[in-house]
S.K.: 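One structure, pasted below without further comment.
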Amino acid sequence: MYARENITPKIHQVDSDKISHLYAELRRESLMTGSIPITVRHIESIVRLSEARARMHLRDFVRADDIDVAIRVTLNSFISAQKFSVYKALKRSFSKYLSSHSDHNELLYMLLCRLVQDKVTLYQYKNGISAFPAQVNIPLEDLENLAAASHIYDLKNFLTSNFLSSHDFTVDLAERAIYKHFQNN
């Protein structure tokens, strides 16, 4: 009730351009493949879904991830309503829009490794080039800031995955820190 009455998220012009570009791309592809044509109503749905997601999170502005989720939901619905041959072609053509949060894990791991490397380099600068720490502490806020710069705001799946522990990382959510343990320095 609070969100419905008090929150009215706005879409930035950059995000509107992304939606109109998607519309043009879908329109062109649907004419080429002979699929059910996309309509302006589909685009209006994307706008309404993005605003609704931002409203649920009590934000005044729609973020890029809100738009991405709305696009993914609408595209999945639109594509699944097509004939099988058209379905496969559209799925392949719009795969960049249909990626999910699991696709972000690789990027998040790369960002985390960069933070670890920076800490190791600083340690070696202070203690000599041949020195190597047994463990590196990365504040969770540092990873969150780098992830936000890449428009990734939800790190929960990544932080709770077995992937991190299998690469000698430990996550302490209470301390808001990630620890990298080095074996046999």
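All values below come from the heavy atoms of this structure, side chains included, with hydrogens, waters and symmetry mates left out.
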S.K.: Test of understanding: with side-chain contact (heavy atoms from CB on, under 4.5 Å), list the residues that count as partners of S150, not counting sequence neighbours.
M.R.: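 S150 satisfies side-chain contact (heavy atoms from CB on, under 4.5 Å) with L107, L111, I152 only.
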
S.K.: What closest approach, in Å, do P9 and E51 show between heavy atoms, and which atom pair accounts for it?
M.R.: CG-O, 3.3 Å

S.K.: With sequence neighbours left out, which residue pairs that include part of residues 159-175 fulfil the side-chain hydrogen bond (donor to acceptor under 3.5 Å, both in side chains) condition?
M.R.: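 Checked against side-chain hydrogen bond (donor to acceptor under 3.5 Å, both in side chains) - neighbours excluded - the pairs reaching residues 159-175 are D168-Q183, T170-H181.
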
S.K.: Within the side chain of S93, is there an N or O that forms a donor-acceptor pair under 3.5 Å with the backbone of A89?
M.R.: yes

S.K.: If I take atom CG from residue L146 and atom CG from residue L112, how far apart are they, to the nearest 0.5 angstrom?
M.R.: 9.5 Å

S.K.: Flag the pair F132 / F182 as yes when their ring centroid distance falls below 6.0 Å, and as no otherwise.
M.R.: yes

S.K.: Let's go through N76 and K91 carefully: what are the C-alpha distance in whole Å and the side-chain angles of both, what is the deciding distance for side-chain contact (heavy atoms from CB on, under 4.5 Å) to 0.1 Å, and is it a yes or a no?
M.R.: CA-CA 8 Å; N76 274 325; K91 193 97 165 159; 3.7 Å; yes

S.K.: Name all residues meeting the side-chain contact (heavy atoms from CB on, under 4.5 Å) criterion together with E44; count only those two or more places apart in sequence or in a different chain, and write none if there are none.
M.R.: V40, R41, R48

S.K.: Given the rule that I, L, V, M, F, W and Y join up when any side-chain heavy atoms are under 4.5 Å apart, are M110 and L159 in one cluster?
M.R.: yes

S.K.: Taking all atoms of both residues into account, what is the closest heavy-atom pair of K119 and V136, and its distance?
M.R.: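 Looks like CB-CG1, 3.3 Å.
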
S.K.: Do the charged groups of E144 and R176 touch, with an N to O distance under 4.0 Å?
M.R.: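 R176 and E144: salt-bridged.
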
S.K.: Would you list the pairs meeting salt bridge (Lys or Arg N to Asp or Glu O under 4.0 Å) in which at least one residue belongs to residues 123-142, sequence neighbours left out?
M.R.: none

S.K.: Can you list the residues that meet the side-chain contact (heavy atoms from CB on, under 4.5 Å) rule with V86, with sequence neighbours excluded?
M.R.: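 If we apply the side-chain contact (heavy atoms from CB on, under 4.5 Å) test to V86, skipping adjacent residues, the hits are T33, S35, Q82, K83, L90.
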
S.K.: Could you state the interatomic distance from OG (S20) to CZ (R27), rounded to the nearest 0.5 Å?
M.R.: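 Separation between the atoms: 14.5 Å.
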
S.K.: Without swapping roles, check the side chain of T74 against the backbone of I71 for a donor-acceptor pair under 3.5 Å.
M.R.: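 Flag not set: sc T74 to bb I71 has no pair under 3.5 Å.
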
S.K.: Suppose we screen for side chain to side chain donor-acceptor pair (under 3.5 Å). Which residues come up paired with R59, at least two apart in sequence or across chains?
M.R.: D66

S.K.: Are L173 and F158 connected in the hydrophobic side-chain network, where two residues link if heavy atoms are under 4.5 Å apart?
M.R.: yes

S.K.: Got a donor-acceptor contact below 3.5 angstrom from the K180 side chain to the I178 backbone?
M.R.: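 Side chain of K180 to backbone of I178: no pair is present.
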
S.K.: Tell me, please, which residues at least two apart from R63 pass side chain to side chain donor-acceptor pair (under 3.5 Å).
M.R.: D65

S.K.: Only counting residues at least two apart or in another chain, list the ones meeting ring-ring contact (aromatic ring centres under 6.0 Å, His included) with F78.
M.R.: H42

S.K.: State which residues pass side chain to side chain donor-acceptor pair (under 3.5 Å) with R28; sequence neighbours excluded, sorted by chain then number.
M.R.: none

S.K.: Report the C-alpha distance between F169 and Y179 in whole Å, list the side-chain angles of each, state the deciding distance to 0.1 Å, and finish with yes or no for ring-ring contact (aromatic ring centres under 6.0 Å, His included).
M.R.: CA-CA 5 Å; F169 284 98; Y179 302 98; over 10 Å; no

S.K.: Just to verify, what does E25 make a side chain to side chain donor-acceptor pair (under 3.5 Å) with, not counting sequence neighbours?
M.R.: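 For E25, the residues satisfying side chain to side chain donor-acceptor pair (under 3.5 Å) (neighbours in sequence not counted) are H21, Y97.
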
S.K.: Suppose we screen for side-chain contact (heavy atoms from CB on, under 4.5 Å). Which residues come up paired with D60, at least two apart in sequence or across chains?
M.R.: I7

S.K.: Can L49 and R72 be said to form a side-chain contact (heavy atoms from CB on, under 4.5 Å), step by step?
M.R.: CA-CA 11 Å; L49 284 169; R72 191 167 41 251; over 6 Å; no

S.K.: What side-chain hydrogen bond (donor to acceptor under 3.5 Å, both in side chains) pairs are there with at least one residue in residues 107-118, not counting sequence neighbours?
M.R.: Q117-T121

S.K.: Spell out, yes or no, whether F94 and F84 are grouped together once hydrophobic residues are joined by side-chain heavy atoms under 4.5 Å, including indirect joins.
M.R.: yes

S.K.: Quick one: CD1 on I46 to CD1 on I67, what's the gap to the nearest 0.5 Å?
M.R.: 8.5 Å

S.K.: Would Y87 and I36 show up in the same hydrophobic cluster when neighbours are defined by side-chain heavy atoms closer than 4.5 Å?
M.R.: no

S.K.: Please check this pair: side chain of R53 against backbone of V69, looking for a donor-acceptor N/O pair closer than 3.5 Å.
M.R.: no

S.K.: Measuring only between side-chain heavy atoms, which start at C-beta, is Y123 closer than 4.5 Å to P133?
M.R.: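 They are in contact (side-chain heavy atoms under 4.5 Å apart), so the answer is yes.
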
